[in-house]
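Below, chains carry the letters A, B, ... as their sequence lines are ordered, and counting in each starts from 1. We use all heavy atoms of the structure for the numbers below, so side chains are in, but hydrogens, waters and symmetry mates are not.
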Amino acid sequence: MPQVTLTVNEKPIAAEVEGRTLLVQLLRDTLGLTGTHVGCDTSQCGACTVHVNGRSVKSCCMLAVQAEGARVTTIEGVSDGQTLHPMQAAFRECHGLQCGFCTPGMIMSAIDMVKHHPDPDEQTVRKWLDGNLCRCTGYHNIVKAIRAGAAAMKAKTRENVA
Amino acid sequence: MTHQPRPISETGIGASVRRTEDARFVRGKGRYTDDINLAGQTYVVFLRSPHAHATIKSIDLANARRAPGVVAIYTSVDLAKLGGLPCGWLITNRDGSPMREPKHPVLAEGKVRHVGDPVAAIIADTIAHARDAAELIDVDYDPLPAVMDMTSAAASGVALHEAAPDNTCYDWDIGDKAVVDAAFAKAAHLTTLKLSNNRLAPNAIEPRAAIGDYNSATGEHTLYTTSQNPHVIRLLMGAFVLQVPEHKIRVVAPDVGGGFGSKIYHYAEEALVTWAAAQLGRPVKWTSDRSEAFISDAQGRDHKTTVELALDKDGKFLGLRVETFANMGAYLSTFASVIPTYLHATLLAGQYTTPVIYCRIKAMFTSTVPVDAYRGAGRPEATYLLERVVDLAARETGRDPAALRRQNFIQPHQFPYQTPVALTYDTGNYQATMDAALAAADYVGFPARKAEAKTRGKLRGIGIAAYIEACGIAPSNIAGALGARAGLYEAATVRVNPTGSISVFTGSHSHGQGHETTFAQVVSEKLGVPFESVDIVHGDTARIPFGMGTYGSRSLAVGGSAIVKAIDKIVAKGKKIAAHMLEAAEADMVFEDGAFKVTGTDRQKTFGEVAFQAYVPHNFPLETLEPGLEENAFYDPKNFTFPAGTYVCEVEIDPDTGVVEIKAFNACDDFGNIINPMIVEGQVHGGLAQGIGQALLEHCIYDDNGQLVTGSYMDYAMPRASDLPSFAVSTTSTPCTHNPLGVKGCGEAGAIGSPPAVINAVVNALSDYGVSHIDMPATPQAIWRVIHSKA
């Protein structure tokens, strides 16, 4: 079976996988990182979104072996110890989640969005979320959360610079 | 006695407390069924029928059995001792005979009746091996004609079940047809409408999953499953399918990623993994993929209706006549039979004083996935047909749709109001919600916005829907008289721990509703203890004494009431303990602000002191005072609760493309008292999205051969963020009169009121083209066709 070596949440990983093993299966089944969820089989729902080399990627449509040498971040890797990432905190503060199943993918997608759109308006957020489905919230509070999270990320960057 | 209104504390009743459960969900630390892995577990894959209707001539398992990693393969012959999946509600036909209940086997017995019907269960050491082996099974099918159209199913000449030769499950009615016909004979105006309520896939983003485990030493089965009601699953699976007593079955429904009704029912996969784990002595795990969900999760709605409304010359409603075909799918799912009857026909008075109503329901079997409750369950179908026909009547008689509704509203002084279709509404104020919604929507300013839109080449329309729903289903005695095979109470245990923290064990189940927060707010406020010291436990039959689960917006109205009832018992017991501690008379004790006080004195014991003493009863008079501080309660509601509201939708249609854009959506709901406004608003948002999805996007479409052509997220149009607007939601309140919290329930309202509001707006926008109706979903293609056929 093929070997794959990569970094997941800043930890070096070496694993044996089948050629057909998906990145999401490696994360969930081999590494026990069950915060990354699977909600469909056509790469539509985005519940499995993680960061691969800093970009949001649906981990259900990437083979584990394709992540060779990559730096992967999952929802478990975004908070700073006990302190939530500003986007995680914004989702809680704005009630941007209900059942929580789409939430990790939403947060991972949102963090990447802010890199591209540091100050997104409502339409930008709604458009970016094209690849993330939520059945609970009607997106209203997710949009609110992402805009608040973006503002908090900006403020934090400023704080760090100062 | 009058109470000063208490200021809302930061965590008490009425505060938008941020959710306790989010601490784990935003970190990816939720624990959903598929996140659970047991030592030595095997994986099951179900081989499902590719045919909508076929005889199984033979199943050749030889090659599959030899495939790598295969542990076992089961077909129906191995399950001969198991019962079928039961239906929980008996409907009685018009002629007094019982509905037809053909067996719903765990695995197909000799025949398949819908695409996705499970035929074999393949168990292997990995999921990949199970899938590989499934492909090696050779099933010899003899295809039969599919029964696809429910309106002609009775005369199709093809019987899906021997027990139902005309494919009819039941033929039921409510109301006195002769009386209604007589009212119609006197009508000045009659509005008739034929409409369909489109079939939907519930599509919780977490697919179903189930893990069976068995302890051969104790004979105990454990099932981890994506369920809204673990105790109900334990009862149905234990008593009817596996024939194992409850005390030998534990059902755990851990974090569940959305349900919307689809996770109420007892499904074949749950029984199979539980049974197989005992056969194999190894855990058996199943996780549905999305394609499988589309052909195995119960679907929703799917009615075809003719509705007639009779009005007098002044616009007063004289009577309503409804004939509906309801699609049951291929088998009766757990609560399928009650949806079109007691959760649909009984809602047909809506908010109106219509004096006489007749409704007939023909429930039909077809070669499709079973249909059961989906968010709203019957009430969206009732609201849709009623609010569409009222809107059409307004148009036909040249009346303002808001004015016509108002004119026929039940007035605030008429409560309690006995409708002609069995229900008694306890309270409401329909004018208030309509006033608020119309004001928020600037209803009077609409003509100017329409004119402005016209200058941009857009068709602007406004639509109103005034809905009522019945939540908190229902008093057990009434439900039982109507055919329910279960009671509909809820259970709770409140355990005060020695140091004064509190564990609440509730039979309600949270799969997005935020019970861990809302219920803790109630307990914190009632007992005067910090919010943080209250833990809400749900979803495990081994920890919670009993429960009926969460559906029909019942958790707070019924489950919350059970908690309050248990709290009342805690306070009563606490008074006894405090009286003993203070050497006072029990009758002199009062409980306020978190302390037990002797009336008229400054002598008191704090809640924490009493809790500690309860477990350190060194000098208790044991004949009269029992140690411990823990109480159980079962709460059986006296009536349904009746949330109601008015929704106003404003759309613009591009006549060149048929694309609908929702420009504004204003919702005003009366949910009675509200514990956590933030959570309630979120529930409304989600319901609106599902209702708008039904109106504009979603549809389970089967072809003539019974293939589901919208069987994935590539084909089934789930609402995305860019399809929806931001919503403007508000509330008014007439507290429920018969439960201790005065609450009504809010989970389904959005999905009930929004489809007619959207379609009324679309039809209004298309009025220049002479369009009087368009079926859901009003897709761009459908609208473009209507425009071009009328132009």
Side-chain angles (χ1 to χ4, degrees), chain A residues 18 20-21 25 28-29 32-45 47 74-79 84-85 87-89 91-105 107 122-123 125-144, chain B residues 16 18-19 21-32 34-37 128 202-207 255-260 287 289-292 510-514 678-679 681-690 692 712-714 718-727 729 750:
Chain A
E18 280 193 76
R20 60 183 168 183
T21 301
Q25 293 168 329
R28 286 182 57 80
D29 302 341
L33 294 168
T34 54
T36 302
H37 298 149
V38 180
C40 76
D41 45 16
T42 50
S43 71
Q44 293 289 305
C45 81
T74 70
I75 188 69
E76 290 92 342
V78 298
S79 59
L84 293 178
H85 185 284
M87 192 59 79
Q88 291 174 307
F91 266 71
R92 177 159 195 253
E93 181 58 29
C94 298
H95 189 31
L97 64 149
Q98 290 181 24
C99 79
F101 198 79
C102 76
T103 309
I107 290 173
E122 177 175 343
Q123 286 319 308
V125 175
R126 287 184 183 274
K127 242 180 136 171
W128 181 278
L129 290 183
D130 200 42
N132 290 81
L133 291 175
C134 170
R135 194 57 152 169
C136 293
T137 64
Y139 304 98
H140 181 109
N141 284 341
I142 290 179
V143 173
K144 223 164 106 181
Chain B
S16 286
R18 300 307 187 258
R19 300 198 322 168
E21 38 277 84
D22 292 358
R24 61 182 189 275
F25 291 146
V26 299
R27 288 181 168 89
K29 295 290 185 191
R31 186 168 176 264
Y32 301 87
D34 188 52
D35 299 341
I36 297 168
N37 292 294
N203 270 318
I205 303 295
E206 179 202 28
D255 287 327
V256 172
F260 316 113
T287 305
D289 59 29
R290 183 58 54 186
S291 306
E292 195 173 15
S510 187
H511 30 281
Q513 296 88 340
M678 174 192 81
I679 287 176
E681 281 184 19
Q683 290 292 307
V684 176
H685 295 158
L688 292 177
Q690 288 179 355
I692 292 169
S712 82
Y713 284 163
M714 308 286 278
M718 285 279 280
R720 290 170 197 266
S722 55
D723 295 317
L724 296 169
S726 280
F727 308 111
V729 302

For a quick test of reading the model, state the closest non-hydrogen atom pair linking [X] to [Y] and the distance between them.
X: B:G28; Y: A:P104; answer: CA-CG, 4.4 Å
X: A:G39; Y: B:Y713; answer: O-CE1, 3.9 Å
X: B:M718; Y: A:L133; answer: CB-CD2, 3.9 Å

When you measure from the side chain of [X] to the backbone N and O of [Y], does any donor-acceptor pair fall under 3.5 Å?
X: B:H685; Y: A:H140; answer: no
X: A:Q44; Y: B:M714; answer: no
X: A:Y139; Y: B:P719; answer: yes

Pick one of side chain, backbone, both or neither for [X], based on which atoms fall under 4.5 Å of a heavy atom in chain A.
X: B:D723; result: neither
X: B:Y32; result: side chain
X: B:L688; result: neither
X: B:Q683; result: both
X: B:S291; result: both
X: B:V684; result: neither
X: B:I679; result: both
X: B:D289; result: both

Just so I understand: if I count every heavy-atom pair under 4.5 Å between each of [options] and chain A, which residue has the most?
options: B:A689, B:G258, B:G259, B:A721; answer: B:A721
options: B:A128, B:G30, B:S16; answer: B:A128
options: B:G512, B:A204, B:G257, B:A23; answer: B:G512
options: B:M678, B:R19, B:Q513; answer: B:R19

Given side chains that start at C-beta, do those of [X] and [Y] come closer than 4.5 Å, heavy atoms only?
X: A:E76; Y: B:K29; answer: yes
X: A:F91; Y: B:D22; answer: no
X: A:T42; Y: B:R290; answer: no
X: B:R27; Y: A:H85; answer: no
X: B:P207; Y: A:F101; answer: yes
X: A:R28; Y: B:D34; answer: yes
X: B:S722; Y: A:D130; answer: yes
X: B:Q690; Y: A:R135; answer: yes

Task: Pair listing, salt bridge (charged side-chain N to carboxylate O under 4.0 Å, His left out) test, anchored in residues 91-104 of chain A, at least two apart - done: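 Matches after skipping sequence neighbours: A:E93-B:R18.
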TODO: Please flag which part of A:V38 lies under 4.5 Å from any non-hydrogen atom of chain B: side chain, backbone, both or neither.
DONE: backbone
Open item on the list: Using heavy-atom distances under 4.5 Å, tell me whether A:L97 contacts chain B through its side chain, its backbone, both, or neither.
Closed with: both
- [ ] With rounding to the nearest 0.5 Å, note down the distance linking CZ in B:F260 to SG in A:C136.
- [x] 3.5 Å
Task: Gap separating the CG atom of A:N141 from the CZ atom of B:F727, nearest 0.5 angstrom - done: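 It comes to 10.0 Å.
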Counting heavy-atom pairs under 4.5 Å with chain B, which one of [options] comes out on top?
options: A:D41, A:L129, A:L33; result: A:D41
options: A:R20, A:E18, A:K127; result: A:R20
options: A:I75, A:V143, A:N132; result: A:I75
options: A:H37, A:K144, A:Q88; result: A:Q88

TODO: For A:R126, enumerate each residue passing the salt bridge (charged side-chain N to carboxylate O under 4.0 Å, His left out) test, keeping only those at least two apart in sequence or located in another chain.
DONE: A:E122
